[in-house]
Amino acid sequence: MGEFLQTLFVGLRLGSVYALIALGYTMVYGIVRLINFAHGDFIMVGGYTLIFTVPLMTAAGMPAWLAVVIAIAVCALVGVLVELIAYRPVRRKGTNMTALITAVAMSLFLENLAQAIPAIGPNPIIAGQFFASGGFRVAGVTLDYITTYTIVVSAVVMLLLYVFTQKTKMGRAMRCVSEDKSAAILMGISVNKTVLSTFAIGSGLSAIAALMYVAQYPKVYTTMGSLLGLKAFVAAVAGGIGIVPGAMLGGVVIGLVESFTTSYINSSLTDTFVFLILIIVLLIKPAGILGKNVGEKV
Amino acid sequence: MLKIDDLHVSYGAVRAIKGISLEVNDGELVSLIGANGAGKTTTLHTISGLVPAQSGSIILDGKDLRKTAPERIIELGLAHVPEGRHVFARMTVEENLLMGAYIVRDKARVRRQLEMVYGHFPRLAERTRQLAGTLSGGEQQMLAMGRALMTAPRMLLLDEPSMGLSPLLVKEIFSMIKGLHADGITILLVEQNAKMALAISDRAYVLETGRISMSGSAQDLLHDDKVRRAYLGA
(Lines give C-alpha, C1' and ligand atoms only; values in the text may rest on other atoms or scores of the structure.)
Protein backbone atom coordinates (compact mmCIF):
# COMPACT_ATOMS: atom_id res chain seq x y z
CA MET A 1 0.00 0.00 0.00
CA GLY A 2 2.81 2.36 0.95
CA GLU A 3 4.68 1.64 -2.25
CA PHE A 4 1.51 2.05 -4.28
CA LEU A 5 0.78 5.48 -2.80
CA GLN A 6 4.37 6.58 -3.23
CA THR A 7 4.27 5.49 -6.87
CA LEU A 8 0.98 7.26 -7.37
CA PHE A 9 2.35 10.55 -6.01
CA VAL A 10 5.52 10.29 -8.09
CA GLY A 11 3.36 9.60 -11.14
CA LEU A 12 1.23 12.64 -10.42
CA ARG A 13 4.33 14.78 -9.94
CA LEU A 14 5.83 13.64 -13.24
CA GLY A 15 2.45 13.92 -14.90
CA SER A 16 1.97 17.50 -13.70
CA VAL A 17 5.26 18.51 -15.28
CA TYR A 18 4.39 16.72 -18.53
CA ALA A 19 0.97 18.35 -18.51
CA LEU A 20 2.42 21.86 -18.16
CA ILE A 21 4.74 21.22 -21.10
CA ALA A 22 2.08 19.45 -23.14
CA LEU A 23 -0.14 22.53 -22.79
CA GLY A 24 2.44 24.57 -24.69
CA TYR A 25 2.45 22.07 -27.55
CA THR A 26 -1.29 21.81 -27.67
CA MET A 27 -2.07 25.53 -27.45
CA VAL A 28 0.33 26.40 -30.24
CA TYR A 29 -0.89 23.49 -32.35
CA GLY A 30 -4.48 24.50 -31.75
CA ILE A 31 -3.88 27.98 -33.03
CA VAL A 32 -1.38 27.63 -35.90
CA ARG A 33 -1.46 23.85 -36.58
CA LEU A 34 2.26 23.66 -35.95
CA ILE A 35 4.13 21.14 -33.81
CA ASN A 36 6.58 23.47 -32.13
CA PHE A 37 9.54 21.14 -31.76
CA ALA A 38 11.50 23.92 -30.09
CA HIS A 39 9.04 23.91 -27.21
CA GLY A 40 11.02 21.28 -25.27
CA ASP A 41 14.04 23.55 -25.44
CA PHE A 42 12.12 26.34 -23.75
CA ILE A 43 12.39 24.16 -20.61
CA MET A 44 16.14 24.31 -21.00
CA VAL A 45 15.92 28.10 -21.37
CA GLY A 46 13.83 28.18 -18.20
CA GLY A 47 16.29 25.86 -16.43
CA TYR A 48 19.30 28.04 -17.16
CA THR A 49 17.42 31.21 -16.31
CA LEU A 50 16.71 29.65 -12.91
CA ILE A 51 20.38 28.64 -12.49
CA PHE A 52 21.46 32.22 -13.04
CA THR A 53 18.69 34.04 -11.19
CA VAL A 54 18.22 31.88 -8.10
CA PRO A 55 21.49 33.19 -6.54
CA LEU A 56 20.28 36.76 -7.18
CA MET A 57 17.02 35.97 -5.42
CA THR A 58 18.65 34.40 -2.39
CA ALA A 59 21.18 37.23 -2.24
CA ALA A 60 18.27 39.66 -2.15
CA GLY A 61 16.80 37.66 0.72
CA MET A 62 13.90 36.35 -1.28
CA PRO A 63 12.83 32.71 -1.65
CA ALA A 64 14.67 30.86 -4.43
CA TRP A 65 11.54 29.74 -6.25
CA LEU A 66 10.56 33.36 -6.89
CA ALA A 67 13.15 33.29 -9.70
CA VAL A 68 10.47 31.49 -11.67
CA VAL A 69 8.85 34.86 -12.35
CA ILE A 70 11.96 35.93 -14.28
CA ALA A 71 12.12 32.51 -15.96
CA ILE A 72 8.50 32.87 -17.11
CA ALA A 73 9.28 36.27 -18.60
CA VAL A 74 12.43 34.99 -20.35
CA CYS A 75 10.68 31.89 -21.73
CA ALA A 76 7.71 33.92 -22.91
CA LEU A 77 10.07 36.32 -24.65
CA VAL A 78 12.00 33.48 -26.32
CA GLY A 79 8.71 31.92 -27.46
CA VAL A 80 7.52 35.21 -28.92
CA LEU A 81 10.86 35.82 -30.66
CA VAL A 82 10.90 32.32 -32.17
CA GLU A 83 7.41 32.92 -33.54
CA LEU A 84 8.25 36.39 -34.88
CA ILE A 85 11.65 35.59 -36.38
CA ALA A 86 11.19 32.02 -37.59
CA TYR A 87 7.64 30.73 -37.70
CA ARG A 88 5.58 33.69 -38.87
CA PRO A 89 7.63 34.48 -42.01
CA VAL A 90 7.83 30.79 -42.94
CA ARG A 91 4.10 30.29 -42.37
CA ARG A 92 3.34 33.19 -44.67
CA LYS A 93 5.49 31.91 -47.54
CA GLY A 94 5.70 28.16 -47.11
CA THR A 95 3.63 25.10 -46.35
CA ASN A 96 2.97 23.17 -43.13
CA MET A 97 5.98 21.02 -43.96
CA THR A 98 8.38 23.98 -44.20
CA ALA A 99 7.05 25.25 -40.87
CA LEU A 100 7.64 21.85 -39.30
CA ILE A 101 11.23 21.70 -40.55
CA THR A 102 11.74 25.22 -39.24
CA ALA A 103 10.55 24.06 -35.81
CA VAL A 104 13.08 21.20 -35.81
CA ALA A 105 15.75 23.69 -36.88
CA MET A 106 14.81 26.12 -34.08
CA SER A 107 15.14 23.31 -31.57
CA LEU A 108 18.69 22.47 -32.71
CA PHE A 109 19.51 26.16 -32.97
CA LEU A 110 18.49 26.88 -29.36
CA GLU A 111 20.44 23.88 -28.05
CA ASN A 112 23.58 24.84 -29.94
CA LEU A 113 23.23 28.52 -29.17
CA ALA A 114 23.07 27.67 -25.48
CA GLN A 115 26.28 25.63 -25.74
CA ALA A 116 28.02 28.51 -27.46
CA ILE A 117 27.29 30.84 -24.54
CA PRO A 118 30.42 30.76 -22.33
CA ALA A 119 28.48 30.81 -19.04
CA ILE A 120 26.59 27.70 -20.12
CA GLY A 121 28.98 25.56 -22.16
CA PRO A 122 28.70 21.86 -22.96
CA ASN A 123 28.81 20.52 -19.37
CA PRO A 124 25.76 20.14 -17.12
CA ILE A 125 25.31 22.59 -14.28
CA ILE A 126 23.87 21.41 -10.99
CA ALA A 127 21.16 23.64 -9.58
CA GLY A 128 20.92 24.57 -5.93
CA GLN A 129 17.91 23.83 -3.81
CA PHE A 130 14.70 25.61 -4.79
CA PHE A 131 12.46 24.38 -2.00
CA ALA A 132 12.98 23.36 1.60
CA SER A 133 13.74 19.65 1.88
CA GLY A 134 11.64 17.26 3.88
CA GLY A 135 7.96 16.59 3.72
CA PHE A 136 5.01 15.39 5.67
CA ARG A 137 3.53 11.99 6.36
CA VAL A 138 0.24 11.08 4.74
CA ALA A 139 -1.38 7.67 5.17
CA GLY A 140 1.88 6.02 6.15
CA VAL A 141 4.02 7.47 3.35
CA THR A 142 6.26 10.50 3.31
CA LEU A 143 5.13 13.07 0.82
CA ASP A 144 8.01 15.41 0.17
CA TYR A 145 7.50 19.11 -0.34
CA ILE A 146 8.64 19.15 -3.96
CA THR A 147 6.08 16.54 -4.95
CA THR A 148 3.32 18.35 -3.11
CA TYR A 149 4.20 21.75 -4.55
CA THR A 150 4.52 20.36 -8.06
CA ILE A 151 1.10 18.74 -7.99
CA VAL A 152 -0.63 21.69 -6.31
CA VAL A 153 1.03 24.43 -8.37
CA SER A 154 0.37 22.61 -11.66
CA ALA A 155 -3.25 22.04 -10.71
CA VAL A 156 -3.73 25.72 -9.83
CA VAL A 157 -1.95 26.92 -12.99
CA MET A 158 -4.07 24.63 -15.16
CA LEU A 159 -7.26 25.73 -13.45
CA LEU A 160 -6.30 29.38 -14.03
CA LEU A 161 -5.51 28.62 -17.66
CA TYR A 162 -8.87 26.94 -18.10
CA VAL A 163 -10.73 29.89 -16.59
CA PHE A 164 -8.65 32.20 -18.78
CA THR A 165 -9.58 30.43 -22.01
CA GLN A 166 -13.25 30.16 -21.05
CA LYS A 167 -14.01 33.46 -19.40
CA THR A 168 -11.68 36.19 -20.60
CA LYS A 169 -11.89 38.08 -23.84
CA MET A 170 -8.39 37.14 -24.91
CA GLY A 171 -8.97 33.50 -24.02
CA ARG A 172 -12.12 33.47 -26.10
CA ALA A 173 -10.26 35.14 -28.96
CA MET A 174 -7.71 32.32 -28.83
CA ARG A 175 -10.46 29.72 -29.07
CA CYS A 176 -11.99 31.58 -32.02
CA VAL A 177 -8.71 31.80 -33.93
CA SER A 178 -8.04 28.14 -33.24
CA GLU A 179 -11.47 27.18 -34.54
CA ASP A 180 -11.94 29.45 -37.53
CA LYS A 181 -9.36 32.05 -38.51
CA SER A 182 -11.35 33.94 -41.11
CA ALA A 183 -14.44 34.14 -38.93
CA ALA A 184 -12.20 35.42 -36.12
CA ILE A 185 -10.89 38.18 -38.40
CA LEU A 186 -14.46 39.14 -39.27
CA MET A 187 -15.11 39.58 -35.52
CA GLY A 188 -12.26 42.08 -35.38
CA ILE A 189 -9.76 39.72 -33.73
CA SER A 190 -6.13 40.26 -34.71
CA VAL A 191 -4.82 36.80 -35.56
CA ASN A 192 -1.17 37.86 -35.26
CA LYS A 193 -1.62 39.29 -31.75
CA THR A 194 -3.58 36.26 -30.63
CA VAL A 195 -0.92 33.88 -31.95
CA LEU A 196 1.78 35.87 -30.14
CA SER A 197 -0.11 35.72 -26.83
CA THR A 198 -0.50 31.98 -27.28
CA PHE A 199 3.24 31.56 -27.77
CA ALA A 200 3.91 33.76 -24.74
CA ILE A 201 1.57 31.79 -22.47
CA GLY A 202 2.62 28.35 -23.74
CA SER A 203 6.30 29.20 -23.35
CA GLY A 204 5.72 30.79 -19.95
CA LEU A 205 4.19 27.53 -18.75
CA SER A 206 7.37 25.70 -19.70
CA ALA A 207 9.25 27.92 -17.21
CA ILE A 208 6.98 26.69 -14.42
CA ALA A 209 7.59 23.13 -15.63
CA ALA A 210 11.32 23.85 -15.57
CA LEU A 211 11.13 25.01 -11.94
CA MET A 212 9.31 21.85 -10.88
CA TYR A 213 11.48 19.53 -12.93
CA VAL A 214 14.81 21.02 -11.90
CA ALA A 215 13.70 21.11 -8.25
CA GLN A 216 13.50 17.32 -8.45
CA TYR A 217 16.31 16.58 -10.93
CA PRO A 218 18.79 19.44 -10.41
CA LYS A 219 20.93 18.76 -13.48
CA VAL A 220 20.58 21.42 -16.17
CA TYR A 221 22.09 20.80 -19.61
CA THR A 222 21.47 22.04 -23.13
CA THR A 223 19.61 18.99 -24.42
CA MET A 224 17.55 18.42 -21.28
CA GLY A 225 14.42 19.47 -23.12
CA SER A 226 14.65 16.88 -25.90
CA LEU A 227 13.31 13.75 -24.26
CA LEU A 228 11.21 15.71 -21.79
CA GLY A 229 9.64 17.66 -24.64
CA LEU A 230 9.14 14.51 -26.70
CA LYS A 231 7.29 12.79 -23.86
CA ALA A 232 5.15 15.84 -23.22
CA PHE A 233 4.38 15.90 -26.94
CA VAL A 234 3.34 12.26 -26.64
CA ALA A 235 1.09 13.32 -23.75
CA ALA A 236 -0.46 16.09 -25.86
CA VAL A 237 -1.12 13.71 -28.74
CA ALA A 238 -2.46 10.95 -26.47
CA GLY A 239 -4.83 13.40 -24.82
CA GLY A 240 -5.91 14.90 -28.14
CA ILE A 241 -3.65 17.55 -29.68
CA GLY A 242 -5.18 21.01 -29.81
CA ILE A 243 -7.43 20.32 -26.82
CA VAL A 244 -6.41 21.98 -23.56
CA PRO A 245 -7.99 19.47 -21.12
CA GLY A 246 -6.55 16.69 -23.33
CA ALA A 247 -3.00 17.90 -22.66
CA MET A 248 -3.65 17.93 -18.92
CA LEU A 249 -5.12 14.43 -18.94
CA GLY A 250 -2.47 13.10 -21.34
CA GLY A 251 0.30 14.47 -19.12
CA VAL A 252 -1.05 12.80 -16.00
CA VAL A 253 -1.58 9.50 -17.83
CA ILE A 254 1.99 9.48 -19.16
CA GLY A 255 3.35 10.40 -15.72
CA LEU A 256 1.46 7.56 -14.07
CA VAL A 257 2.49 5.04 -16.72
CA GLU A 258 6.09 6.05 -16.21
CA SER A 259 6.08 5.82 -12.44
CA PHE A 260 4.13 2.55 -12.28
CA THR A 261 6.38 0.96 -14.89
CA THR A 262 9.42 2.01 -12.88
CA SER A 263 8.04 0.67 -9.60
CA TYR A 264 6.37 -2.51 -10.71
CA ILE A 265 7.93 -3.61 -13.99
CA ASN A 266 11.39 -2.34 -14.88
CA SER A 267 12.81 1.15 -14.77
CA SER A 268 14.64 0.67 -18.06
CA LEU A 269 11.33 -0.02 -19.78
CA THR A 270 9.60 3.25 -18.81
CA ASP A 271 10.10 5.04 -22.13
CA THR A 272 9.09 1.91 -24.02
CA PHE A 273 5.82 1.82 -22.12
CA VAL A 274 5.19 5.54 -22.63
CA PHE A 275 5.35 5.08 -26.39
CA LEU A 276 3.48 1.80 -26.24
CA ILE A 277 0.62 3.60 -24.50
CA LEU A 278 0.67 6.25 -27.22
CA ILE A 279 0.37 3.62 -29.93
CA ILE A 280 -2.46 1.84 -28.11
CA VAL A 281 -4.36 5.09 -27.54
CA LEU A 282 -3.97 6.12 -31.16
CA LEU A 283 -5.08 2.69 -32.40
CA ILE A 284 -8.27 2.90 -30.36
CA LYS A 285 -8.89 6.64 -30.64
CA PRO A 286 -6.83 8.19 -33.47
CA ALA A 287 -7.72 11.72 -32.36
CA GLY A 288 -6.57 11.10 -28.78
CA ILE A 289 -8.41 10.38 -25.55
CA LEU A 290 -10.47 13.57 -25.55
CA GLY A 291 -10.21 14.21 -29.28
CA LYS A 292 -13.23 14.05 -31.48
CA ASN A 293 -13.03 12.95 -35.07
CA VAL A 294 -14.97 15.90 -36.34
CA GLY A 295 -15.63 15.88 -40.03
CA GLU A 296 -15.07 19.26 -41.62
CA LYS A 297 -18.40 21.00 -41.86
CA VAL A 298 -19.00 23.00 -45.00
CA MET B 1 -21.75 54.13 -48.87
CA LEU B 2 -19.69 51.38 -50.56
CA LYS B 3 -18.05 52.00 -53.88
CA ILE B 4 -15.97 49.43 -55.73
CA ASP B 5 -14.01 50.53 -58.76
CA ASP B 6 -12.28 48.32 -61.32
CA LEU B 7 -11.50 45.54 -58.86
CA HIS B 8 -9.23 42.70 -59.93
CA VAL B 9 -8.64 39.57 -57.82
CA SER B 10 -6.61 36.46 -58.65
CA TYR B 11 -5.94 33.17 -56.92
CA GLY B 12 -2.48 32.42 -58.23
CA ALA B 13 -2.84 32.24 -61.99
CA VAL B 14 -6.63 32.08 -61.87
CA ARG B 15 -8.28 35.43 -62.38
CA ALA B 16 -11.44 35.33 -60.30
CA ILE B 17 -12.55 38.96 -60.57
CA LYS B 18 -11.76 40.80 -63.78
CA GLY B 19 -12.47 44.44 -63.17
CA ILE B 20 -15.81 44.89 -61.48
CA SER B 21 -17.28 48.20 -60.37
CA LEU B 22 -20.32 48.48 -58.18
CA GLU B 23 -21.94 50.79 -55.72
CA VAL B 24 -24.21 50.39 -52.72
CA ASN B 25 -25.90 53.56 -51.51
CA ASP B 26 -26.94 54.41 -47.96
CA GLY B 27 -29.91 52.31 -46.85
CA GLU B 28 -30.03 50.27 -50.05
CA LEU B 29 -30.44 46.52 -50.36
CA VAL B 30 -28.38 45.46 -53.37
CA SER B 31 -27.97 41.87 -54.54
CA LEU B 32 -25.19 40.26 -56.42
CA ILE B 33 -26.51 37.29 -58.34
CA GLY B 34 -24.83 34.82 -60.65
CA ALA B 35 -23.93 31.19 -61.18
CA ASN B 36 -21.59 29.11 -59.06
CA GLY B 37 -18.00 30.26 -59.49
CA ALA B 38 -18.94 33.64 -60.95
CA GLY B 39 -16.96 35.37 -58.18
CA LYS B 40 -19.72 36.46 -55.80
CA THR B 41 -18.11 35.14 -52.64
CA THR B 42 -14.68 36.29 -53.76
CA THR B 43 -16.08 39.80 -54.13
CA LEU B 44 -17.35 39.79 -50.54
CA HIS B 45 -14.12 38.26 -49.24
CA THR B 46 -12.15 40.97 -50.97
CA ILE B 47 -14.32 43.70 -49.46
CA SER B 48 -13.67 42.23 -45.99
CA GLY B 49 -9.96 41.86 -46.67
CA LEU B 50 -9.95 38.07 -46.32
CA VAL B 51 -8.65 37.88 -49.89
CA PRO B 52 -6.21 40.50 -51.20
CA ALA B 53 -7.06 42.42 -54.37
CA GLN B 54 -4.61 42.86 -57.24
CA SER B 55 -5.84 46.30 -58.20
CA GLY B 56 -8.81 48.59 -58.01
CA SER B 57 -10.37 50.34 -55.05
CA ILE B 58 -12.95 49.51 -52.39
CA ILE B 59 -14.14 52.66 -50.65
CA LEU B 60 -16.42 52.57 -47.61
CA ASP B 61 -17.56 56.06 -46.58
CA GLY B 62 -14.42 57.59 -48.00
CA LYS B 63 -12.11 55.01 -46.39
CA ASP B 64 -10.03 52.73 -48.60
CA LEU B 65 -10.66 49.21 -47.32
CA ARG B 66 -7.67 47.87 -49.22
CA LYS B 67 -5.48 49.96 -46.93
CA THR B 68 -7.30 48.84 -43.77
CA ALA B 69 -6.20 45.79 -41.77
CA PRO B 70 -8.88 43.11 -42.26
CA GLU B 71 -9.64 42.88 -38.52
CA ARG B 72 -10.25 46.63 -38.34
CA ILE B 73 -12.89 46.76 -41.06
CA ILE B 74 -15.64 45.83 -38.62
CA GLU B 75 -14.76 49.00 -36.66
CA LEU B 76 -15.88 50.99 -39.70
CA GLY B 77 -19.42 49.61 -39.32
CA LEU B 78 -19.22 46.83 -41.91
CA ALA B 79 -20.13 43.30 -40.78
CA HIS B 80 -19.86 40.17 -42.90
CA VAL B 81 -22.00 37.03 -42.56
CA PRO B 82 -19.89 34.47 -44.43
CA GLU B 83 -21.06 31.69 -46.70
CA GLY B 84 -21.57 28.48 -44.73
CA ARG B 85 -22.28 30.53 -41.55
CA HIS B 86 -18.87 29.91 -39.94
CA VAL B 87 -20.27 29.98 -36.42
CA PHE B 88 -17.79 28.90 -33.73
CA ALA B 89 -19.02 25.32 -33.40
CA ARG B 90 -17.38 24.55 -30.06
CA MET B 91 -18.73 27.69 -28.42
CA THR B 92 -22.20 28.25 -27.05
CA VAL B 93 -24.78 30.41 -28.78
CA GLU B 94 -24.21 33.21 -26.29
CA GLU B 95 -20.41 32.99 -26.56
CA ASN B 96 -20.76 33.28 -30.34
CA LEU B 97 -22.84 36.42 -29.95
CA LEU B 98 -20.35 37.86 -27.45
CA MET B 99 -17.57 37.26 -29.99
CA GLY B 100 -19.64 39.27 -32.43
CA ALA B 101 -19.24 42.19 -30.02
CA TYR B 102 -15.50 41.57 -29.59
CA ILE B 103 -14.61 45.15 -30.55
CA VAL B 104 -17.24 46.69 -28.26
CA ARG B 105 -15.70 47.73 -24.94
CA ASP B 106 -18.83 49.09 -23.27
CA LYS B 107 -20.38 46.15 -21.40
CA ALA B 108 -23.78 47.81 -21.08
CA ARG B 109 -23.88 48.24 -24.83
CA VAL B 110 -23.02 44.58 -25.35
CA ARG B 111 -25.93 43.61 -23.03
CA ARG B 112 -28.29 45.88 -24.99
CA GLN B 113 -27.20 44.42 -28.33
CA LEU B 114 -27.58 40.91 -26.93
CA GLU B 115 -31.17 41.68 -25.88
CA MET B 116 -31.82 43.20 -29.30
CA VAL B 117 -30.51 40.12 -31.13
CA TYR B 118 -32.51 37.77 -28.87
CA GLY B 119 -35.53 39.94 -29.67
CA HIS B 120 -34.91 39.54 -33.41
CA PHE B 121 -34.18 35.81 -33.14
CA PRO B 122 -36.25 34.33 -30.28
CA ARG B 123 -35.03 30.86 -31.22
CA LEU B 124 -31.51 31.83 -30.21
CA ALA B 125 -32.80 33.10 -26.86
CA GLU B 126 -34.10 29.60 -26.15
CA ARG B 127 -30.68 28.08 -26.80
CA THR B 128 -28.16 30.41 -25.17
CA ARG B 129 -26.14 27.56 -23.59
CA GLN B 130 -26.27 25.18 -26.55
CA LEU B 131 -23.08 24.56 -28.54
CA ALA B 132 -23.38 26.29 -31.91
CA GLY B 133 -22.18 23.17 -33.74
CA THR B 134 -25.28 21.31 -32.61
CA LEU B 135 -27.75 23.87 -34.01
CA SER B 136 -29.73 23.20 -37.18
CA GLY B 137 -28.70 24.93 -40.40
CA GLY B 138 -31.40 27.56 -40.07
CA GLU B 139 -30.49 28.29 -36.46
CA GLN B 140 -26.82 28.55 -37.39
CA GLN B 141 -27.75 31.09 -40.08
CA MET B 142 -29.70 33.10 -37.51
CA LEU B 143 -26.76 32.88 -35.13
CA ALA B 144 -24.34 34.05 -37.83
CA MET B 145 -26.63 36.98 -38.62
CA GLY B 146 -27.20 37.77 -34.95
CA ARG B 147 -23.45 37.67 -34.33
CA ALA B 148 -22.90 40.16 -37.16
CA LEU B 149 -25.54 42.47 -35.66
CA MET B 150 -23.79 42.64 -32.28
CA THR B 151 -21.76 45.70 -33.27
CA ALA B 152 -24.88 47.44 -34.61
CA PRO B 153 -23.24 47.72 -38.06
CA ARG B 154 -24.41 50.23 -40.65
CA MET B 155 -23.74 47.82 -43.47
CA LEU B 156 -24.04 44.04 -43.77
CA LEU B 157 -22.50 41.67 -46.32
CA LEU B 158 -24.67 38.55 -46.52
CA ASP B 159 -23.22 35.58 -48.37
CA GLU B 160 -25.71 32.89 -49.45
CA PRO B 161 -27.91 33.11 -46.37
CA SER B 162 -30.43 30.65 -47.85
CA MET B 163 -27.93 27.95 -48.72
CA GLY B 164 -28.96 24.46 -47.64
CA LEU B 165 -32.13 25.57 -45.90
CA SER B 166 -35.66 24.23 -46.33
CA PRO B 167 -38.05 26.42 -48.38
CA LEU B 168 -39.89 27.41 -45.21
CA LEU B 169 -36.70 28.54 -43.50
CA VAL B 170 -35.55 30.34 -46.64
CA LYS B 171 -38.73 32.38 -46.48
CA GLU B 172 -38.13 33.11 -42.80
CA ILE B 173 -34.53 34.20 -43.40
CA PHE B 174 -35.54 36.42 -46.31
CA SER B 175 -38.23 38.12 -44.26
CA MET B 176 -35.59 38.79 -41.59
CA ILE B 177 -33.32 40.35 -44.21
CA LYS B 178 -36.23 42.52 -45.32
CA GLY B 179 -36.71 43.53 -41.70
CA LEU B 180 -33.05 44.52 -41.31
CA HIS B 181 -33.31 46.55 -44.50
CA ALA B 182 -36.45 48.25 -43.16
CA ASP B 183 -34.48 49.10 -40.00
CA GLY B 184 -32.17 51.14 -42.22
CA ILE B 185 -29.19 48.77 -42.48
CA THR B 186 -27.44 48.90 -45.84
CA ILE B 187 -27.11 45.39 -47.27
CA LEU B 188 -25.09 43.76 -50.02
CA LEU B 189 -26.64 40.33 -50.57
CA VAL B 190 -25.04 37.48 -52.48
CA GLU B 191 -27.52 34.79 -53.46
CA GLN B 192 -27.94 31.85 -55.77
CA ASN B 193 -31.66 32.04 -55.18
CA ALA B 194 -31.91 34.96 -57.58
CA LYS B 195 -35.68 35.09 -57.64
CA MET B 196 -36.07 35.65 -53.92
CA ALA B 197 -33.08 37.97 -53.77
CA LEU B 198 -34.46 40.19 -56.54
CA ALA B 199 -37.88 40.18 -54.91
CA ILE B 200 -36.57 41.99 -51.79
CA SER B 201 -33.78 44.06 -53.35
CA ASP B 202 -33.72 47.65 -54.56
CA ARG B 203 -31.04 47.05 -57.17
CA ALA B 204 -28.94 44.16 -58.40
CA TYR B 205 -25.81 43.26 -60.32
CA VAL B 206 -25.41 40.09 -62.35
CA LEU B 207 -21.93 38.59 -62.11
CA GLU B 208 -20.67 36.29 -64.88
CA THR B 209 -17.20 34.68 -64.69
CA GLY B 210 -15.66 37.60 -62.84
CA ARG B 211 -17.38 40.41 -64.75
CA ILE B 212 -20.59 42.30 -64.23
CA SER B 213 -22.79 41.48 -67.19
CA MET B 214 -25.94 43.39 -66.20
CA SER B 215 -27.15 45.74 -63.55
CA GLY B 216 -30.26 47.72 -62.78
CA SER B 217 -33.27 47.93 -60.56
CA ALA B 218 -34.30 44.60 -59.10
CA GLN B 219 -37.77 44.90 -60.64
CA ASP B 220 -36.35 45.41 -64.14
CA LEU B 221 -33.99 42.46 -63.80
CA LEU B 222 -36.78 40.29 -62.45
CA HIS B 223 -38.67 40.86 -65.69
CA ASP B 224 -35.70 40.78 -68.03
CA ASP B 225 -35.86 37.85 -70.44
CA LYS B 226 -32.16 37.05 -70.32
CA VAL B 227 -32.07 37.04 -66.53
CA ARG B 228 -35.24 35.00 -66.37
CA ARG B 229 -33.80 32.35 -68.67
CA ALA B 230 -30.36 32.20 -67.06
CA TYR B 231 -31.11 32.58 -63.36
CA LEU B 232 -34.79 32.35 -62.63
CA GLY B 233 -35.51 29.08 -64.39
CA ALA B 234 -38.29 30.53 -66.50
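Just so it is clear: chains get the letters A, B, ... in the order the sequence lines come, proteins before strands, and each one is counted from 1. Every value quoted in this text rests on a predicted model; they were computed, and no experiment measured them.
At most 12 heavy atoms of other shown residues, nucleotides or ligands fall within 6.0 angstrom of atom CE in A:Met170. Within a 6.0 Å radius of CZ in A:Phe109, no more than 12 heavy atoms belonging to other residues, nucleotides or ligands are found. Residue A:Arg33 places its CZ atom among more than 12 non-hydrogen atoms of other residues, nucleotides or ligands, all under 6.0 Å distant. Annotation for B:Leu168: atom CG does not count as buried by contact number, only 12 or fewer foreign heavy atoms lying within 6.0 Å. For B:Lys195, the NZ atom counts as loosely surrounded, since its 6.0 Å shell holds 12 or fewer non-hydrogen atoms of other residues, nucleotides or ligands. Residue-environment remark: NZ (B:Lys178) stays at or below the threshold of 12 foreign heavy atoms within 6.0 Å. Summarising the local packing, OH of A:Tyr162 is surrounded by 12 or fewer heavy atoms from other residues, nucleotides or ligands at distances under 6.0 Å.
A distance of 8.5 Å separates CD of B:Glu71 from OG1 of A:Thr194, quoted to the nearest 0.5 Å. The CG atom of A:Leu186 lies 5.0 Å from the CG atom of B:Leu50; values are rounded to the nearest 0.5 Å. Taking CZ of B:Arg90 as the start and CG of A:Asp180 as the end, the distance is 10.0 Å to the nearest 0.5 Å. For the atom pair A:Met187 CE and B:Arg147 CZ, the distance stands at 3.5 Å (nearest 0.5 Å).
Within the 4.5 angstrom heavy-atom criterion, no atom of B:Val51 approaches chain A. Of the two parts of B:Val81, neither the backbone nor the side chain holds a non-hydrogen atom closer than 4.5 Å to a non-hydrogen atom of chain A.
For the pair B:Met91 and A:Arg172, the tightest heavy-atom approach, listed with the atom from each and the gap, is CE-O, 3.5 Å. The nearest pair of heavy atoms linking A:Ala184 to B:Phe88 is N-CZ, 3.9 Å.
No side-chain heavy atom of B:Leu98 sits under 4.5 Å from any side-chain heavy atom of A:Lys169. Under the 4.5 Å side-chain criterion, counting only non-hydrogen atoms from C-beta, B:Arg72 is not in contact with A:Ser190.
Here the side chain of A:Glu179 pairs a donor or acceptor atom with the backbone of B:Ala89 at under 3.5 angstrom.
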